[in-house]
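Quick caveat, the model's predicted, so the values are computed rather than measured. In listed order, ligands and their atoms are each counted from 1.
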Amino acid sequence: MRDRLLAAEQVKAIDWRDGTLYLRDQRKLPFEDTWQACTDAAGVAQAIRSMVVRGAPAIGISAAYGVVLGARLRLAAGGEWRAALEADFALLAAARPTAANLSWALNRMRERLERLKGSDDPLAGLEAEALSIHESDREANMTMAQLGVDLIRKHQGNVQALLTHGNTGALATGGFGTALGVIRGAFLDGMVERVYVDETRPWLQGSRLTAWELTNEGIPVTVNADSAAAHLMKAKGITWVIVGADRITANGDVASKIGTYQLAVCAMHHGVRFMVVAPSSTIDMSLASGEDVLIEERDGSELLEVGGHRVGAEVDTFNGVFDVTPADLIDVIVTEKGIVERPDAAKMAQLMCRKRLH
Ligand code: MRU
């Protein structure tokens, strides 16, 4: 599986090259394929806020490189560079509130910075940490793909229809994807007849990004309105709903793209299995339950305009971009540390004590 996934890896969202961070502009895909060059932490924070780069793991990885860019400029400016770097950490941390990977990556960089006290070349140390965060995400995705495919084979070995929401692919991660990595793996193993992809309003991560990634690899895709998912579960024999996560809490509740919760309710009603795929960097054991997750709300114009064209009346809007799926609606959470079936607090605590499987 590993080699075939490696061979299938075509798309990437993040490129660290010659000390510059290049981010693929995901606001314009698939119509335009351009990259944005970031040379300081402010540029990376802006790219995260404006969704040039999005997806919890990709946000964390980009922020880690943002710290390296900030440190280089602060070191060059001389004086108390570590104190000055605090402003960059704060800017990056405030870019978007829900994805746990952002604070996880910044904490990793901060711990490394601490250990680099007295080092002759702290910049090299910070760069190595950011690169390791990037590489370990790719590796985690590969392990999760294997675990997810084994689960699909265990439950139904035959060819089947899957449904996914948002974008959890190579564009949202360090490579391969989380939920989309499992879907890729299942396709490579001949177990996927068709993937149904919710368009995922208002940013259309499904119809723009997921459909583009899967079509590029010849994986049969059908895009549907978010509101069609329940009907498809009934009419098209969907066997699994496979999604990603932005923050998983200590009791196994999952915050993910708005619309994921209603998918889980429909899946439970139709007896469709519900799989969440996310690296342990998305798990926040400091929060007891999903009620404690800060849900990002964005500007209403994202709802009332499409491509800059107004499509709705001038009214009040709710544009919360994530929701919480309670643990009791989830069949399995797949991580690089292993799987948790029917998640609860005890099982999540056990999982977090385990080492990574790869
Ligand atoms: O608003 P976005 O596009 O950053 O939301 C992304 C998602 O919800 C993804 O499902 C999640 O981050 C997991 S990505 C592997």
Please write down residue, atom name and distance for the protein heavy atom closest to atom 13 (C) of ligand 1. Ala245 O, 3.4 Å

Considering only the protein, which heavy-atom contact is closest to atom 5 (O) of ligand 1, and what is its distance? Lys257 CE, 3.1 Å

Are a donor atom and an acceptor atom from the side chains of Arg108 and Ser281 found within less than 3.5 Å of each other? no

Asp33 pairs by salt bridge (Lys or Arg N to Asp or Glu O under 4.0 Å) with which of Arg27, Lys28, Arg24? Arg24

Quick one: CD1 on Ile295 to CZ on Arg247, what's the gap to the nearest 0.5 Å? 9.5 Å

Nearest non-hydrogen atom to atom 7 (C) of ligand 1 belongs to which of Asp246, Thr210, Val321? Asp246

Between the side chains of Gln146 and Asp150, does any donor sit under 3.5 Å from an acceptor? yes

Backbone or side chain, does any N or O of Gly55 fall under 3.5 Å from an N or O of ligand 1? yes

Could you tell me whether the side chains of Thr249 and Asn251 share a donor-acceptor contact shorter than 3.5 Å? yes

So for Phe322, does at least one of its heavy atoms come nearer than 4.0 angstrom to any atom of ligand 1? yes

Please write down residue, atom name and distance for the protein heavy atom closest to atom 10 (O) of ligand 1. Thr168 CG2, 3.5 Å

State whether the number of non-hydrogen atoms from other residues, nucleotides or ligands found under 6.0 Å of Glu297 atom CD is greater than 12. yes

Ion pair present between Arg72 and Glu127, side-chain N to carboxylate O less than 4.0 angstrom? no

With no hydrogens and no angle check, do the side chains of Ser286 and Asp284 hold a donor and an acceptor under 3.5 Å apart? yes

Any Glu296 heavy atom less than 4.0 Å from ligand 1: no

Under a 4.0 Å N-O cut-off, is there an ion pair linking Glu86 with Arg110? yes

Shortest protein contact, atom 6 (C) of ligand 1 (heavy atom only): Arg54 NH2, 3.5 Å

Any Val243 heavy atom less than 4.0 Å to ligand 1: no

When only distance counts, is Arg96 in polar contact with ligand 1, meaning an N/O pair under 3.5 Å? yes

Hey, which atoms in ligand 1 end up nearer than 4.0 Å to a heavy atom of Ala56? 12 (O), 14 (S)

Residue Gln205 vicinity, atoms of ligand 1 by number, heavy atom under 4.0 Å: 1 (O), 2 (P), 3 (O)

Does Ala99 approach ligand 1 within less than 4.0 angstrom via side chain, backbone, both or neither, non-hydrogen atoms only? neither

Check: Arg54/Asn167 side-chain N/O donor and acceptor closer than 3.5 Å: yes

Quick one: look at His165 and ligand 1, take heavy-atom pairs under 4.0 Å, and tell me if it's side chain, backbone, both or neither. neither

Do me a favour and list the nearest non-hydrogen protein atom to atom 15 (C) of ligand 1 with residue, atom name and distance? Thr178 OG1, 3.2 Å

Should the pair His155 and Trp240 be assigned to parallel (<30°), tilted (30 to 60°) or perpendicular (>60°) ring geometry? perpendicular

For Thr173, atoms of ligand 1 separated by under 4.0 Å from a heavy atom: 15 (C)

Residue, atom and distance of the protein heavy atom nearest atom 14 (S) of ligand 1 read Ala172 CB, 3.6 Å

